[in-house]
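The sequence lines fix the lettering, A, B, ..., with proteins before strands; numbering per chain opens at 1. All values below come from the heavy atoms of this structure, side chains included, with hydrogens, waters and symmetry mates left out.
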Amino acid sequence: MNHYLFKSEPSDYSIDDLKKDKQAMWDGIRNYQARNFMRDDMRVGDQILFYHSNHKPPHIAGLAKVASEPYPDPTQFDKNSKYYDPKSTPENPRWMLVDVAFVKKAKRILTLAEVKADPILEGIKLAQKGQRLSIQPVSEAHFEYIETLIG
DNA sequence: GCCAACGTTGGC
DNA sequence: GCCAACGTTGGC
C-alpha cells in the first residue's frame, strides 16, 4: 500500500467536485515524474491526500484513493483537448493515468502553513522549497498522522 | 501580479 | 550533449 499527495486547483477540480462525481479520471498530467508514479507504482486502493493548490490558503482538503490500474490518458490523442500531444500514439502512448475515487472531506482542513510548522511532518515533500510536482509520494507515517489531524 | 524554482525544447 | 531561452507552477 502506497500513499500519495495529489495537487489540484480547486477552481479547476476540487474535492467537492470529486465528492459529486465519486470517481474521476486524473487526466492532463504532463510531467514525467508524476506519470512515472502513476504508471509504475500505483495500485488500486493506494491512499491519496487531496491538496488544493493556488488557493488562499493552500491546504489539504480531504482523502481519496486510487480506483483503477494505470491506462493511457485519452486526452493525449484528442486534437481538441488542451492536453493533446502530437508526439504520442495509441501504439506507444506517452501519458498514463489512474482513476481516483472520493473517500472523504476533511472535517478540518490542514493548511500548508500548518504542515510547514509541524515538526512531526518534517521532511514531507509538500513543504520543501520549490516543490512543484503535482503528484508526490507521502510516507505512511505522515499520511496516518495527517489523517488524524483532518478528522 | 511577481518571481523563484524547475522542466522542456531546440540550436549548435 | 550542452545550455540558453522559454514556459509553467504555485506560494506569497
Set of ring-ring contact (aromatic ring centres under 6.0 Å, His included) partners for A:Tyr32, sequence neighbours left out: A:Trp95
For DNA chain B, the residues among residues 70-88 of chain A that have a non-hydrogen atom under 4.0 Å from it: none
Non-neighbouring partners of A:Phe6 that pass ring-ring contact (aromatic ring centres under 6.0 Å, His included), sequence neighbours left out: A:Trp26
Annotated protein contacts, base or backbone, on nucleotides 5-12 of chain C with a non-hydrogen cut-off under 4.0 Å, one of B, S, - each: --BBBBBS
Residue list, side chain to side chain donor-acceptor pair (under 3.5 Å) with A:Ser14, at least two apart or on another chain: A:Asp17
Qualifying residues under side-chain contact (heavy atoms from CB on, under 4.5 Å), relative to A:Lys105, sequence neighbours excluded: A:Ile15, A:Asp16, A:Lys19, A:Phe102
Of A:Lys129 and A:Arg30, the one whose closest DNA chain B nucleotide lies more 5': A:Lys129
Any pair counted as ring-ring contact (aromatic ring centres under 6.0 Å, His included), so long as it reaches residues 131-151 of chain A, sequence neighbours left out: A:His3-A:Phe143
Residue pairs passing the side chain to side chain donor-acceptor pair (under 3.5 Å) test where at least one lies in residues 106-115 of chain A, sequence neighbours excluded: A:Arg108-A:Glu114, A:Thr111-A:Glu114
Exercise: do A:Ser53 and A:Arg132 side chains pair donor with acceptor under 3.5 Å: no
ring-ring contact (aromatic ring centres under 6.0 Å, His included) partners of A:His59, counting only residues at least two apart: A:His52, A:His55
Most 5' of A:Gly130 and A:Arg94 on DNA chain B, judged by nearest nucleotide: A:Gly130
